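Chain identifiers are assigned alphabetically (A, B, ...) following the order of the sequence lines, protein sequences preceding nucleic acid strands; residue numbering begins at 1 within each chain. These numbers come from a predicted model, not from an experiment.
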Amino acid sequence: MSIPGDKLVIAGREFSSRLMVGTGKYANNEEMIKALEASGAEIITVAVRRVNLDRNRESLLDFIDLKKYTLLPNTAGCYTADDAIRTCRLAREAGMSDFVKLEVLGDEKTLFPDNEELLKAARILVKEGFTVLPYTSDDPIVCKKLEDIGCAAVMPLGAPIGSGLGIRNPYNIRIILDTVKVPVIVDAGVGTASDAAIAMELGCHGVLMNTGIAGARNPVAMAEAMNLAVRAGRLAYLAGRIPKKLYATASSPIEGLLE
Amino acid sequence: MSIPGDKLVIAGREFSSRLMVGTGKYANNEEMIKALEASGAEIITVAVRRVNLDRNRESLLDFIDLKKYTLLPNTAGCYTADDAIRTCRLAREAGMSDFVKLEVLGDEKTLFPDNEELLKAARILVKEGFTVLPYTSDDPIVCKKLEDIGCAAVMPLGAPIGSGLGIRNPYNIRIILDTVKVPVIVDAGVGTASDAAIAMELGCHGVLMNTGIAGARNPVAMAEAMNLAVRAGRLAYLAGRIPKKLYATASSPIEGLLE
Amino acid sequence: MSIPGDKLVIAGREFSSRLMVGTGKYANNEEMIKALEASGAEIITVAVRRVNLDRNRESLLDFIDLKKYTLLPNTAGCYTADDAIRTCRLAREAGMSDFVKLEVLGDEKTLFPDNEELLKAARILVKEGFTVLPYTSDDPIVCKKLEDIGCAAVMPLGAPIGSGLGIRNPYNIRIILDTVKVPVIVDAGVGTASDAAIAMELGCHGVLMNTGIAGARNPVAMAEAMNLAVRAGRLAYLAGRIPKKLYATASSPIEGLLE
Amino acid sequence: MSIPGDKLVIAGREFSSRLMVGTGKYANNEEMIKALEASGAEIITVAVRRVNLDRNRESLLDFIDLKKYTLLPNTAGCYTADDAIRTCRLAREAGMSDFVKLEVLGDEKTLFPDNEELLKAARILVKEGFTVLPYTSDDPIVCKKLEDIGCAAVMPLGAPIGSGLGIRNPYNIRIILDTVKVPVIVDAGVGTASDAAIAMELGCHGVLMNTGIAGARNPVAMAEAMNLAVRAGRLAYLAGRIPKKLYATASSPIEGLLE
Amino acid sequence: MQVIINGEFREIDPQNINNLLEDLDIDPRKVAVELNSEILPKAVFETTFLGERDRLEIVHFVGGG
Amino acid sequence: MQVIINGEFREIDPQNINNLLEDLDIDPRKVAVELNSEILPKAVFETTFLGERDRLEIVHFVGGG
Amino acid sequence: MQVIINGEFREIDPQNINNLLEDLDIDPRKVAVELNSEILPKAVFETTFLGERDRLEIVHFVGGG
Amino acid sequence: MQVIINGEFREIDPQNINNLLEDLDIDPRKVAVELNSEILPKAVFETTFLGERDRLEIVHFVGGG
């Protein structure tokens, strides 16, 4: 159930799964691990936070098989380029990898990116050798700038983080796909399986989500649903759908009808 | 990759796949067979036509493994209750089964059902012991009448046959799902994978399609896409999606942020 | 502010306004009269009910200027052809006019039409010389039958009565407009001004509403909004809108730019 | 036909019309003037271009009654903050007014704003005492920054300039309306009357368009349609629409039905 | 004698429809009348007399959509 | 003698349905037969003989949606 | 002497901006003028004289969106 | 002596980073350390000794989207 040789390539690394998932908001680590399994994801996002000195020292890394999953540390919670840069440097030190999901947020209510600060941070981080995957708006001009700066992909939002509204503006996503050559990964807004399929049918190279899975009544089942949906959407995109028409076309032959 | 015990039950018969596919419009029988395989369908629709006395006698049944597939003969091309009834009787005789996909068309341009004639035909066919699966409009009142008549399922259209417009009016489909107890199967209009997923996410019990697969540039790949999409949509429906919100909710914790 | 000679013609009678409004659900008669004025409507619907022998004898007709408004009695509340026919006959007797808004409802939850009964009633009423304006589904096949029976217009619903969902399926409305020659009037579902404008932009000949106005916080202001919106939509339809494009076209000249 | 005291206030100046229109792309000046009249607009945009020394000296200002219309010079065609600033300074000199529609474009295909450059230009122009009305994306974070900088309004695009796609992402427009206190004027993308009505129903304070009118088959009629639609949408917004419901509510009484 | 008007039993004197409507303070021009399931043209209101157990429906227009 | 099969005139010898299908190289298990507008159960193919001017419809399943 | 007006070389006599605009048949109230990349207030049109190789931009309003 | 770790004052003995992490029961391979706003490569954990009033940030990965 896959297309031979159809790989997602980011910064020269190949991935078979086009679904990236977050590790936040699960009831417990067991549920999280089961959901990661069901999702088939190879890239998982993590946050960088202070070690809590008063609580048990249990670390997320005790649960995650790093042979199986590529960690993508994010800069969630950063509202300035400086904070995001600092977080990326710490993430690299902690994770021994250059991959970062760069977020610079504009406000707490929308969690929309502050693209002016995002561009600042991206310019510096790319120079420092990071593989930058920026979370941004569905703004083709910003995406083109991020590509020109040297980001390894662009990750426009479909809708606000955790909103479950799906892709609010497929037109912009299509324009972004026409505009940049790096992978386009829809990040944020996916609420259900069809949202993920739609992203892939538009031609996106991948989808990233967290709340859509972790917040579902049954996260493991939803993880599997998203796994199937991303593959369904990708296959449909490659298969070449029928054109839309206002009127009908019969699927049974006219010839040989009884008289 | 399936939910144990989640079966589609029609007239007491259980099916594991919720995708039903047509056998029309394929380039050749080999392609059709490959697409049926990829779709995972267990129920396939066929048309009833005169044997062509001047051509080779090759029959569709020479290609289809009847242990694997349940035939669902349709009455495509019938514009009156009488024609549809006659076709159903012939189908039963030819196929040794009571299952029929009842279509009574209103005009050639839309191929929309003539529900007045459809109801007439259904009343007679149910009395004659047929297991009637009627192709109808997204009209809750007609669907309720069809259920009351004794049809085994209702199959409202998502959009015109072969149009690829997807589910034009999800509101009516939802109302139909609230209104009848028999399985609701979206028949016609599905153009791509997400359309099928959306039908299942609404709570539909199955999806029936032909042109969406056979008309794709790569029918076998699209058949697999539809297979995955129907399962994705069903799983998402059962998993319980997150609610939609206008604003965001963070997926990474606030606690432990650097200062 | 109108297009000379652009009239709505129903059964040979000319109307300047393409907005028809109901008279139900107003806080009081004064508010209703003000709203009718603001709407600019010339045709208003009324219901037929028993005179309440225990209450004051005040009649709706004491408030409505019949020189200004054409009454369109409805058969709201009728669930069979017989009830609707009986109500139409009483309405003609009470109102001395042949105009009737024919409704035969299918259930109380959706108030969707029972088109099978509707067709029965229409066949009889047209024979009895009524000018029949039937409330029906967005079903082109039923609309064509109603035209062939001799109805003076068809009035497909945009969405359930009082739902305010607007036109749920513009595709079907467009097909109906392609299919019949009598006026197509969207009846039911309009929730706000843009819904009415959209109906007219599709090419509909008129819009009928009640709850959208009477249920607004300020019914008189909403009545004026609907009046403007119907004219705006009609004008836009006649003016010929620009085509939709994925990409941009500059509205300022390139020539003469500074260097 | 208007709400007493409902004025659009920009930088302390009051306007009765909430529709702003461009002066580009008309077949001739006569048609343009007629369209301006029909639109009821009080603010009209103009471009700044070199005088053509080889052609007749006829100036746009020979045709426009400056007692009636407020000129809003734009910086269309500028791709950097510097060009836009230079154009604004020339516009002020030529027009003796501080009002400018600030555009800094990102590319020629989408004509989407380059918000990074836009913010740069806005910071300088506001300091120089300009009344800045910036054309921007439907990005609440950028809009908040523009307000904080001191812009007199924000003008997010509904869709690409001249695309006629309407408001592609009403969710973002709603969030912008929640986020800023200055007037929100939808600029670009309006293709027909209902698009303008929808913008106003969302709560926007005004709409700006050019191609939607000038590009229509009959620009003068479309100008009137837009005039009516903006007023209809505004009135509907103020009147308070009915809530949307999946099911129906009768508009005729149940009491007094025949038995 | 007893008749049924709009579903209610009523005790009235023998009389024609016009008198009845007058008694009920109803303007005949604004209503329609059904007598024993037959519609009664206004023209015969004067000449139609009520009998024991007659069933009458008297309807008029009310606000509706 | 002459019969009409699927709308075409055909000259055939008097015979039963099974023989006819055999001559036409048609597998009886995969078709349904209508004789003069009456459906013919497979059970009676052997015992049903064609007569002059009989109208036959022989149908089977083809690809359809 | 030679100046560049709106990108084109032009041979003109030494003169002030007002005279130039007059020669060019341009209404000074309806244009803005940039001299060697500096905006020229209308107030100084009279007192500003053109020199060899000066670069002038003369702009006005045209239809735009 | 007193240092500030993740925003909290702590009384500790003079020691190097590795010892500190050991005392805190933290696996050095799974964290990153910032000393007085400078990131500290793991390579120098052994050779870096804490001084009075040093400010330390010790971070690791947690679940996030």
Among the listed options [options], the residue most often paired with chain B at heavy-atom distances under 4.5 Å:
{"options": "A:Ala225, A:Gly166, A:Ala196", "answer": "A:Ala225"}
{"options": "A:Ala250, A:Ala239, A:Gly77, A:Gly233", "answer": "A:Ala239"}
{"options": "A:Leu257, A:Leu111, A:Asn74, A:Thr211", "answer": "A:Leu257"}
{"options": "A:Ala214, A:Ser252, A:Ala76, A:Pro219", "answer": "A:Ser252"}
{"options": "A:Gly162, A:Ala229, A:Ala232, A:Ala159", "answer": "A:Ala232"}
{"options": "A:Ser163, A:Pro160, A:Ala236", "answer": "A:Ser163"}

Under 4.5 Å between any side-chain heavy atoms of [X] and [Y], yes or no?
{"X": "A:Leu258", "Y": "B:Thr87", "value": "yes"}
{"X": "B:Ser39", "Y": "B:Glu224", "value": "no"}
{"X": "B:Val100", "Y": "B:Arg92", "value": "no"}
{"X": "A:Leu61", "Y": "A:Leu71", "value": "yes"}
{"X": "A:Leu105", "Y": "A:Phe112", "value": "no"}
{"X": "A:Tyr135", "Y": "A:Ile161", "value": "yes"}
{"X": "B:Arg217", "Y": "A:Leu238", "value": "no"}
{"X": "B:Val220", "Y": "B:Glu37", "value": "no"}

Do you know which of [options] has the most heavy-atom pairs under 4.5 Å to chain A?
{"options": "B:Arg86, B:Lys109, B:Glu108", "value": "B:Lys109"}
{"options": "B:Gly215, B:Pro253, B:Cys78", "value": "B:Pro253"}
{"options": "B:Ala197, B:Ala221, B:Ala223", "value": "B:Ala221"}

Closest non-hydrogen atom pair, [X] against [Y]:
{"X": "B:Thr75", "Y": "B:Leu102", "answer": "OG1-C, 3.6 Å"}
{"X": "A:Gly164", "Y": "A:Asp195", "answer": "O-OD2, 4.1 Å"}
{"X": "B:Ala121", "Y": "B:Val104", "answer": "CB-CG2, 4.4 Å"}
{"X": "B:Asn115", "Y": "B:Ser137", "answer": "ND2-OG, 2.8 Å"}
{"X": "A:Lys244", "Y": "B:Leu165", "answer": "CB-CD2, 3.7 Å"}
{"X": "A:Pro156", "Y": "A:Ile173", "answer": "CG-CD1, 3.9 Å"}

Report the residues that fulfil salt bridge (Lys or Arg N to Asp or Glu O under 4.0 Å) with A:Arg89, sequence neighbours left out, ordered by chain and then residue number.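 Partners of A:Arg89 under the salt bridge (Lys or Arg N to Asp or Glu O under 4.0 Å) test: A:Glu128.
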B:Leu90, part contacting chain A, at a heavy-atom distance under 4.5 Å: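 Just its side chain gets close to chain A.
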Chain B heavy atoms under 4.5 Å from A:Ile254: which part of the residue, side chain, backbone, both or neither?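 A:Ile254 touches chain B through backbone heavy atoms alone.
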Only heavy atoms, only distances under 4.5 angstrom. Which residues in residues 198-209 of chain A are near chain B?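 Those residues of residues 198-209 of chain A which have a heavy atom under 4.5 Å from chain B are A:Ile198, A:Glu201.
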Give me the contact list for residues 185-194 of chain A versus chain B, heavy atoms only, anything under 4.5 Å, ordered by residue number.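 Those residues of residues 185-194 of chain A which have a heavy atom under 4.5 Å from chain B are A:Val190, A:Gly191, A:Thr192, A:Ala193, A:Ser194.
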Does B:Phe99, at its CZ atom, have more than 12 non-hydrogen atoms belonging to other residues, nucleotides or ligands within less than 6.0 Å?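 Atom CZ in B:Phe99 is crowded, with more than 12 foreign heavy atoms closer than 6.0 Å.
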In this structure, are over 12 heavy atoms from other groups packed under 6.0 Å from B:Lys34 atom NZ?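 No, because the 6.0 Å sphere around NZ of B:Lys34 holds 12 heavy atoms or fewer from other groups.
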Of A:Leu36, A:Leu60, A:Asn210, the one forming a side-chain contact (heavy atoms from CB on, under 4.5 Å) with A:Ile44 is A:Leu36
Can you check whether anything in residues 18-27 of chain B gets within less than 4.5 Å of chain A, heavy-atom wise, and list it by number? B:Gly24, B:Lys25
